[in-house]
There are 2 protein chains.
Amino acid sequence: MSATIRDVCRATGFSTATVSRVLNGSPLVTEKTRKRVHAALEKLGYQPNHAARALKMNRTGMIAVVFPDLDNGFFTQILRGIDEAASEFSVHLLTAFTHGPLDEHELITRMVRERRADALILMNLTLKDDFLQQLKQWELPIVLIDRPVKAGGLPFVGIDNRSGATAMTQHLINQGHRRIAFVSGPDRTFDARERLFAFRKTMRKNGLVMDPELIWRGDFTEDSGVRVMERYLREHQSLPDAIFAGNDAMAAGIHAVLRSAGVRVPEDVALAGFDDTDLARHLNLTTIHVPMKLIGHAAAQHALDLMENRDSVHPQSVPTRLVVRTSCGAHRMSARR
Amino acid sequence: MSATIRDVCRATGFSTATVSRVLNGSPLVTEKTRKRVHAALEKLGYQPNHAARALKMNRTGMIAVVFPDLDNGFFTQILRGIDEAASEFSVHLLTAFTHGPLDEHELITRMVRERRADALILMNLTLKDDFLQQLKQWELPIVLIDRPVKAGGLPFVGIDNRSGATAMTQHLINQGHRRIAFVSGPDRTFDARERLFAFRKTMRKNGLVMDPELIWRGDFTEDSGVRVMERYLREHQSLPDAIFAGNDAMAAGIHAVLRSAGVRVPEDVALAGFDDTDLARHLNLTTIHVPMKLIGHAAAQHALDLMENRDSVHPQSVPTRLVVRTSCGAHRMSARR
DNA sequence: GTGAAAGCGCTAACAC
DNA sequence: GTGTTAGCGCTTTCAC
């Protein structure tokens, strides 16, 4: 059994009140007392019982982080970013994966009701909007990652999909590409819609007509990249100038198909991705870097601010960055990373 | 504020004891009372305050999971495995990354002393053995992942490096390769030593002489794979028959060097890895699959058993599996995954 | 500046 | 079966 505050009292002869004051850095104690108490704390290896403290202060020093159980490679980095910011304030992380959409609602509700955490960070890829609205009722700071709630009101941290997709589209155009295909993600995802929107807008802005044949619908998986590319090759004679895949995974699938079809990248067709995963580095894929760790950091900062009732001024939208590699035919004008 | 047990009392007219009995499924309550209490629980959305319960029962329903802050791609999967097993028992996860070796000791000590968790799962890549010995003093279940403590006594879950490396070595030999290079990881890591050991032993068993020139020292990073391969090419005229890299990352580095040197895989040299990361799939690399999720699952099971004072019979060593792709010249005798 | 005592929300004797 | 009550380890009035 760990030492309790009473053990410290016995060791020093002071009351629990005084020891507690020392623990919490109250100025109302003599230097001499403080010294003696500290010595005892040290000797006993005392640390305040977390449950007791949480019960009394109605504050757990925890942020709950809930992720969908997708095999999302970004997860680690986001969590690391959250941890980095939280640990600075000695706030710990309660992480949970939702196992199926049914249990997601239940899991979150329970955690809040049980007061296991002082704030909630949710990766809302799969959460329903009406449920999120309901969360707002609770007097608990909630920060969303990745997707804003339509009806608004809940703070969120995401990436600037539009500026990223715009930068890439413009880059491709600047490289001299005109007939550019865009591989979209599933329509129901926010990222997919935003990226497509920016692509369209940038094309229009540059006076380029959009060929509907060149908007391919994938689902952000590598397999879907394979599928759309195979289908296009089957049904068409000529290639577009460039293919802008909505994410790196699909770009990888496309890359594989092109290679086995004997199509060279970037000589025969330029290829671009989005996300800057490890994969992109290995394929030498020009892509948009998404600073996942920063997102986590920003989300945690936001949550911490809300916990302290500070007004939060942390960014809602984390900037992306164009990473030029060799897959678009650009002269190596940028470092590999 | 969430509802408390007292709110439920007021709503039903029963005492806290009775409500508590219902909450904990005690048989000492009438069916009728149970019904009425349940109705009130439902209506109020009551969930027992976690801190109060933890304080009273001296049990948090939490497992603390501590990982070093390495960019370890396996992390997510291991954590997911842990979560899967733990959530089955409604046990939650307190995850923490250690920020530098200094704070590692402190972080773990504090968490234990504060009684934030009922058990501890540590990824002991960087932990010192004497610190781990010290942990044993505490009356808290601890499970290590990845590396056993030399002095023994602490339960751990890891992979069977030896059988994995043996299987791969034998596979290469069966393919007809005789001069096989092995790229080792850093000597201080357990995995590196084990894999090298099994490689040596299997070579010997097959009556093959080991050329010391063909034991290359990497450090498990992709860059180190690049380095050792470049150096070998610089200093030697001929290639070995096969290269068995101690992990996929180094294999990827080697692959890149070979490609730019115009050396074909597997025609000119066979290449094998270890871990079965996404990378391996993309390089069509023959490798050893390491079931990370299973490791997490086993570790959590172990911890849960210890928490319940059950004798744990869960495996210490999770089996690996040879994944044959095209990089070793084998006829495609196995599915891609 | 320090101590006594109440109470956070819950569980578990112990009474009845 | 149900209620009363003590107490888990801490913080925080309120006295002195």
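Reminder, nothing fancy here: chain letters follow the sequence lines and each chain counts from 1. The model shown is predicted, which means the values in this text are computed figures rather than measured ones. In what follows, every heavy atom counts, from backbone to side chain, and hydrogens, waters and symmetry copies are set aside.
Atom P of nucleotide D:dC16 and atom CG of A:Leu28 are separated by 18 Å, given to the nearest angstrom. In this structure, CD of A:Glu114 is placed 13 Å from C1' of C:dC10, rounded to the nearest angstrom. Atom CD in B:Gln47 sits about 14 Å away from atom C1' in C:dC10, given to the nearest Å. Whole-Å rounding puts the B:Ile5 CD1 to D:dT4 P distance at 14 Å. As rounded to whole Å, 14 Å separates atom C1' of C:dC8 from atom CG of B:Asp7. The nearest whole Å value for the distance from the NE2 atom in A:His50 to the C1' atom in D:dT11 is 15 Å. If you measure from atom CE of A:Met57 to atom P of D:dC8, you get 21 Å, rounded to the nearest angstrom. The nearest whole Å value for the distance from the CZ atom in B:Arg21 to the P atom in C:dT11 is 11 Å.
No hydrogens or angles were tested; on distance alone, nothing pairs the side chain of B:Arg115 with the base of D:dG9 as donor and acceptor under 3.5 Å. On a pure distance criterion of 3.5 Å, no polar donor-acceptor pair joins the side chain of B:Arg34 and the base of D:dG1.
Exactly one of A:Asn58, A:Thr60, A:Asn24 qualifies for a side-chain hydrogen bond (donor to acceptor under 3.5 Å, both in side chains) with A:Arg53. That residue is A:Asn24.
Between the side chain of A:Thr109 and the backbone N or O of A:His105 there is at least one donor-acceptor pair closer than 3.5 Å.
Side-chain proximity of A:Val29 to the nucleotides C:dT2, C:dA12, D:dT2 is greatest for C:dT2. The listed nucleotides are C:dT11, D:dC10, C:dA4; the one nearest the side chain of B:Leu23 is C:dT11. Ranking C:dG9, D:dT12, C:dA13 by closeness to the A:Ser20 side chain, first place goes to D:dT12.
A salt bridge does not link A:Glu42 to A:Lys35: none of the charged side-chain nitrogens sits closer than 4.0 Å to a carboxylate oxygen. Under 4.0 Å is where a charged nitrogen must lie from a carboxylate oxygen, and between A:Arg80 and A:Asp83 no such pair does.
Residue B:Asn49 has no polar side-chain atom (N or O) positioned under 4.0 Å from OP1 or OP2 of C:dC8. For B:Arg53 and C:dT11, the shortest distance from a side-chain N or O to OP1 or OP2 is below 4.0 Å.
Judged by closest nucleotide on DNA chain D, B:Pro27 is the one of B:Pro27 and A:Arg6 placed further toward the 5' end. Each of B:Thr18 and A:Thr33 has a nearest nucleotide on DNA chain C; the 5'-most of these lies closest to A:Thr33.
Here the side chains of A:Asp7 and A:Arg10 are in contact, with some heavy-atom distance below 4.5 Å.
Within 4.0 Å (heavy atoms only), A:Thr30 reaches sugar-phosphate atoms of the nucleic acid but no base atom.
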